[in-house]
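For reference, the structure discussed in these notes is given below.
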Amino acid sequence: MSDKPIKASCLCGGVTFEVTPPIIFFQYCHCSRCRKATGSAHGANLFIKKEQLAWTSGEELVKRYEMPDAKFFCTGWCDKCGSALPWLSRNGKYYLVPAGALDEDPGVKPTRNIHWASKGEWYDGLEGMEKFEGEPH
């Protein structure tokens with residue numbers, strides 16, 4: 001893996017940032033909080049040290065929500081378009097980076113699924129599902 005910064009942004013392009021490898025880990029989180037925050041089957045998140053993230057534009061658009069009863073969970077998003085964005089851990093040492101915000105390949109793949117016991121009952125993985133290169137007709 002390269003140590004070249006990985007470019008990333010929100011949907012509207014108002015917020016841009018760079019992540020400098022190495023990635024500590026890349027995981028899918030199936031907890032109900034990540035499912036609600038992403039509107040999807042799981043969160044796809046990279047975990048890096050604080051000094052590995054540099055905001056390059058629009059940091060003032062980044063908003064944060066901390067669940068009062070959660071030890072670790074927070075969310076970050078663009079105040080303009082609502083895209084998921086990195087959030088700093090409560091101890092101030094690490095960023096959780098939503099993989100969907102990356103504009104470039106991070107050079108690593110997810111290595112684990114966490115909170116698997118909490119996955120949506122409807123979730124059945126990707127095996128056996130039809131795959132289309134674009135919109136199906």
Side-chain angles (χ1 to χ4, degrees):
M1 175 178 10
S2 168
D3 60 352
K4 178 181 170 255
I6 303 157
K7 295 183 184 317
S9 62
C10 66
L11 184 61
C12 72
V15 178
T16 61
F17 60 97
E18 294 181 341
V19 171
T20 301
I23 307 303
I24 297 172
F25 58 77
F26 186 177
Q27 67 187 13
Y28 293 152
C29 180
H30 296 268
C31 78
S32 63
R33 292 170 179 161
C34 280
R35 286 188 282 116
K36 288 182 183 295
T38 64
S40 187
H42 54 72
N45 303 310
L46 305 155
F47 199 72
I48 59 171
K49 293 179 182 175
K50 179 182 179 180
E51 55 272 13
Q52 292 175 261
L53 187 136
W55 299 104
T56 51
S57 70
E59 185 177 1
E60 70 282 358
L61 294 172
V62 179
K63 300 300 178 195
R64 175 186 176 93
Y65 172 70
E66 289 186 14
M67 290 192 75
D69 62 339
K71 185 175 181 181
F72 300 110
F73 185 83
C74 295
T75 59
W77 68 93
C78 172
D79 196 36
K80 188 173 176 185
C81 68
S83 295
L85 291 171
W87 51 268
L88 190 61
S89 62
R90 290 187 185 194
N91 68 12
K93 295 180 181 180
Y94 303 97
Y95 270 105
L96 182 134
V97 179
L102 301 178
D103 295 326
E104 301 174 325
D105 183 354
V108 295
K109 303 281 188 224
T111 58
R112 60 190 189 179
N113 285 283
I114 65 168
H115 296 288
W116 185 253
S118 297
K119 71 178 172 39
E121 290 183 29
W122 46 268
Y123 182 72
D124 197 27
L126 301 175
E127 301 78 30
M129 291 181 67
E130 282 188 90
K131 295 173 180 64
F132 300 89
E133 294 295 319
E135 259 329 289
H137 299 289

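Hydrogens, waters and symmetry mates play no part in the numbers below; they use all other heavy atoms, side chains included. Just so it is clear, the model here is predicted, and its values are computed rather than measured. Residue numbers run from 1 in the order of the sequence given.
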Task: Other residues, nucleotides, ligands: >12 heavy atoms within 6.0 Å of Asp124 CG - done: no
Task: Check: Lys7 side chain, Pro5 main-chain N or O, donor-acceptor pair, under 3.5 Å - done: no
Task: Exercise: identify the closest heavy-atom pair between Cys12 and Cys81 - done: N-SG, 3.5 Å
Task: Partner of Val62 under side chain to side chain contact (heavy atoms under 4.5 Å, CB included), chosen from Leu88, Asp79, Val15 - done: Val15
TODO: Using modelled atom types only, decide if a donor and an acceptor are shared between the side chain of Thr38 and the backbone of Gly43 within a distance under 3.5 Å.
DONE: no
Task: Spatial distance of atom CZ (Arg64) from atom CH2 (Trp77) [nearest 0.5 Å] - done: 10.0 Å
Task: Sub-4.5 Å side-chain heavy-atom contact between Leu53 and Val97 - done: yes
- [ ] Write down the atom of Ala41, the atom of Tyr123, and the distance for their closest heavy-atom approach.
- [x] CB-CD1, 3.4 Å
Open item on the list: Starting from Phe25, can I reach Ile48 by hopping between I/L/V/M/F/W/Y residues whose side chains sit under 4.5 Å apart?
Closed with: no
Open item on the list: Just verifying a value: how many Å separate Arg112 CZ and Cys29 SG, rounded to the nearest 0.5 Å?
Closed with: 10.0 Å
Task: Any donor-acceptor N/O pair, Gln52 side chain to Pro22 backbone, under 3.5 Å - done: yes
Task: Phe17 CZ to Glu59 CD distance, which is reported to the nearest 0.5 Å - done: 11.5 Å
- [ ] Measure the spacing between NE2 of His115 and CZ of Arg35 and express it to the nearest 0.5 Å.
- [x] 11.0 Å
Open item on the list: If hydrophobic clusters are built by linking Ile, Leu, Val, Met, Phe, Trp and Tyr wherever their side-chain heavy atoms come under 4.5 Å apart, do Trp122 and Met129 end up in the same one?
Closed with: no
Task: Spacing of Asp105 atom CG and Asp103 atom CG [to the nearest 0.5 Å] - done: 12.0 Å
- [ ] Evaluate the side-chain proximity of Ser89 to Leu96: yes if any heavy-atom separation is below 4.5 Å, no if none is.
- [x] no
Open item on the list: What I'd like to find out is whether the side chain of Tyr28 reaches to under 4.5 Å of the side chain of Cys34, using heavy atoms alone.
Closed with: no
Task: Heavy-atom pair of closest approach, residues Leu85 and Cys78 - done: CD1-N, 3.4 Å
Open item on the list: Could you work out, with salt bridge (Lys or Arg N to Asp or Glu O under 4.0 Å) as the rule, every residue matching Glu104, not counting sequence neighbours?
Closed with: none
Task: Pairwise side-chain contact, Tyr65 with Met67, heavy-atom cut-off 4.5 Å (strictly under) - done: yes
Open item on the list: Can you give me the closest heavy-atom contact between Tyr95 and Pro86, atom names plus distance?
Closed with: CD2-CB, 3.8 Å
TODO: Indicate the atoms forming the closest heavy-atom contact of Ile6 with Pro21, along with that distance.
DONE: CD1-CG, 3.9 Å
Open item on the list: How long is the straight-line distance from CG of Leu46 back to CD1 of Ile23, given to the nearest 0.5 Å?
Closed with: 5.0 Å
Open item on the list: Can you tell me how the ring of Tyr94 sits relative to the ring of Phe47, calling it parallel under 30°, perpendicular over 60° and tilted otherwise?
Closed with: parallel
Task: Smallest separation among heavy atoms of Arg90 and Phe73, with atom names - done: NH2-O, 3.6 Å
Task: His30 ring center within less than 6.0 Å of His42 ring center - done: yes
Open item on the list: Distance alone, cut at 3.5 Å: any donor-acceptor contact between the side chains of Ser32 and Ser118?
Closed with: no
